[in-house]
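Here the structure comes first, spelled out in structure tokens, and everything after it is commentary.
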Number of protein chains: 2
Amino acid sequence: MKLDRIDQKILTVLQEDGRIANADLADQVGLSPSACLRRMRALEEAGIIDKYVALLDQRKLGRKMDIFVEISLVGQSNEVLENFERAVGRSSEIMECFLMAGDADYILRVTAADPTDFERIHREHLARLPGVLRMKSSFAIRPIVRKTAFPMKTETT
Amino acid sequence: MKLDRIDQKILTVLQEDGRIANADLADQVGLSPSACLRRMRALEEAGIIDKYVALLDQRKLGRKMDIFVEISLVGQSNEVLENFERAVGRSSEIMECFLMAGDADYILRVTAADPTDFERIHREHLARLPGVLRMKSSFAIRPIVRKTAFPMKTETT
DNA sequence: ACTGAAATCGCTAAAAC
DNA sequence: GTTTTAGCGATTTCAGT
């Protein structure tokens with residue numbers, strides 16, 4: 001799918017405000033409401049727009065800690081990796097997980113209310129992940145930037 | 001602010017579908033539409049709900065790479081840290097950044113279309129960050145989990 | 001084929017209870 | 001917290017470029 005300037009503008013706006021009224025979005029991108037809505041639907045159909053979500057304030061929910069966990073597995077066989085990844089997918093507490101090149105096999109990010117809560121998560125979730133050889137947790141002191149919006153090529157800083 | 005079961009249910013649903021019609025949301029949480037809307041507004045007012053956004057498909061946008069960058073600064077003075085953090089905030093390419101305890105001072109995550117694109121980002125964004133002593137980039141091979149929704153206490157797996 | 005204009009339909013939001 | 005209602009926005013159809 002090809003994205004022209006207007007599509008990019010639509011995506012930029014929707015990444016900031018996913019509930020903007022179609023009429024207002026049309027204004028901002030300089031299109032009539034119906035043309036704007038058609039493009040938006042096309043972007044949804046194409047899967048460029050994956051979903052619309054509410055983002056919650058982590059601190060106000062009492063989740064004051066972010067922890068990165070580097071993990072090495074006992075082996076590199078498909079079975080070991082797949083078991084591990086399935087378990088990761090089932091855990092509600094694991095916010096992000098990437099298979100990595102380099103030192104660690106996986107890196108994951110979890111959030112916790114406080115050290116006690118992290119202990120619970122460690123016990124109930126992390127320690128139960130299968131095939132783990134070594135685990136190294138690193139605590140974040142403070143989040144500096146937390147973005148969900150990708151830059152569009154026309155507005156790269 | 002105190003969150004009862006219904007508030008938590010509202011947040012759970014909105015974290016999955018931020019554009020759900022109020023009438024449908026009311027159905028799902030077992031409330032009348034107006035009562036549901038009042039609670040939703042209250043959650044927005046309180047800042048529990050930070051914002052509503054569209055999440056785009058990173059791969060379909062052509063951003064196939066995720067890179068984690070560990071950074072050590074030349075010093076720990078307020079000035080060095082603040083300069084660095086301001087610069088991070090200005091870069092559109094840096095998706096996440098945390099001040100860390102432990103080995104590295106900061107960890108950040110950037111996304112790139114391909115190695116050439118990463119070279120550009122490295123040159124135009126990362127290499128220009130002030131006060132950097134050492135930088136270590138780790139490439140992700142594949143994302144396993146990528147979540148924006150926090151688990152509510154009533155549904156912890 | 002894609003855009004803009006007009007009409008219908010359904011939802012939101014504010015009232016009264 | 002619920003029901004009711006008025007008004008507005010979304011959505012679809014149609015004509016034009």
Side-chain angles (χ1 to χ4, degrees), chain A residues 1-57 60-62 148-156, chain B residues 1-63 148-155:
Chain A
M1 184 174 180
K2 254 188 67 172
L3 301 179
D4 64 13
R5 287 292 163 76
I6 295 179
D7 291 318
Q8 296 187 359
K9 188 77 195 294
I10 289 174
L11 293 176
T12 300
V13 173
L14 285 176
Q15 283 189 111
E16 270 305 307
D17 181 2
R19 291 192 76 143
I20 187 172
N22 181 54
D24 295 342
L25 178 59
D27 264 1
Q28 289 202 33
V29 304
L31 236 56
S32 73
S34 60
C36 183
L37 186 62
R38 251 195 311 273
R39 277 170 181 266
M40 188 171 141
R41 291 285 175 263
L43 291 166
E44 292 166 0
E45 287 301 317
I48 308 272
I49 297 176
D50 182 35
K51 63 196 307 204
Y52 299 91
V53 301
L55 298 181
L56 308 189
D57 186 310
K60 291 205 169 127
L61 285 176
T148 57
F150 297 104
M152 294 291 122
K153 281 146 209 149
T154 53
E155 38 148 355
T156 304
Chain B
M1 184 171 178
K2 253 187 66 171
L3 301 178
D4 64 14
R5 286 292 164 78
I6 295 180
D7 291 319
Q8 295 186 0
K9 188 75 194 295
I10 289 174
L11 293 175
T12 299
V13 173
L14 286 176
Q15 283 189 111
E16 270 306 307
D17 181 2
R19 291 192 75 142
I20 188 173
N22 180 57
D24 294 342
L25 178 59
D27 263 1
Q28 288 203 32
V29 305
L31 237 56
S32 71
S34 60
C36 183
L37 186 62
R38 260 198 301 272
R39 277 170 181 265
M40 189 173 139
R41 291 284 175 263
L43 291 166
E44 293 166 0
E45 287 301 316
I48 308 272
I49 296 176
D50 182 35
K51 61 197 305 206
Y52 299 91
V53 300
L55 297 182
L56 308 189
D57 186 310
Q58 185 174 340
R59 288 190 63 85
K60 292 206 170 127
L61 285 176
R63 303 225 155 210
T148 56
F150 298 104
M152 294 291 120
K153 280 148 208 145
T154 52
E155 37 150 355

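All chains are named by letter (A, B, ...) in the order of the sequence lines, taking the proteins before the strands, and each is independently numbered beginning at 1.
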- Interatomic spacing from CD1 in B/Ile48 to CG in B/Asp7 - rounded to 0.5 Å: 8.5 Å
- Item | B/Arg59 with A/Asp50: basic N within carboxylate O range, under 4.0 Å | no
- Item | Interatomic distance where CG belongs to B/Asp27 and C1' belongs to D/dT3 [whole Å] | 15 Å
- Message: Taking any heavy-atom pair under 4.0 Å as a contact, classify A/Arg41: base, sugar-phosphate, or nothing.
- Response: sugar-phosphate
- Message: I want to verify a distance call: between C/dG4, D/dT2, D/dA10, whose nearest atom is closest to the A/Leu31 side chain?
- Response: C/dG4
- Measure the distance from CD1 on A/Ile10 to P on C/dC2 and round it to the nearest whole Å. 13 Å
- Note on the structure: Of A/Asn22 and B/Arg38, the one whose nearest nucleotide on DNA chain D sits closer to the 5' end is B/Arg38
- Starting at CG of B/Leu37 and ending at P of D/dT3, how long is that distance when rounded to a whole Å? 16 Å
- Message: Nearest whole Å is fine: how far is C/dA1 P from A/Lys2 NZ?
- Response: 16 Å
- Message: Is it the case that the base of C/dA5 and the side chain of A/Ser34 share a donor-acceptor contact (distance under 3.5 Å, atom types as modelled)?
- Response: yes
- Message: Starting the side chain at C-beta, find the nucleotide from C/dG4, C/dC11, D/dT3 nearest to A/Ser32.
- Response: C/dG4
- Task: May I ask you to test the A/Leu61-B/Leu3 pair for a side-chain heavy-atom distance under 4.5 Å?
- Result: yes
- In whole Å, what is the span from the CZ atom of A/Arg5 to the C1' atom of C/dT3? 20 Å
- Measure the distance from OH on A/Tyr52 to P on D/dA10 and round it to the nearest whole Å. 12 Å
- Nearest nucleotide by nearest heavy atom, which residue falls closer to the 5' end of DNA chain C, A/Ala35 or A/Arg19? A/Ala35
- Enclosure of B/Arg5 CZ (heavy-atom neighbours >12, cutoff 6.0 Å): no
- Item | Side-chain N or O of A/Arg39 closer than 4.0 Å to phosphate OP1/OP2 of C/dT3 | yes
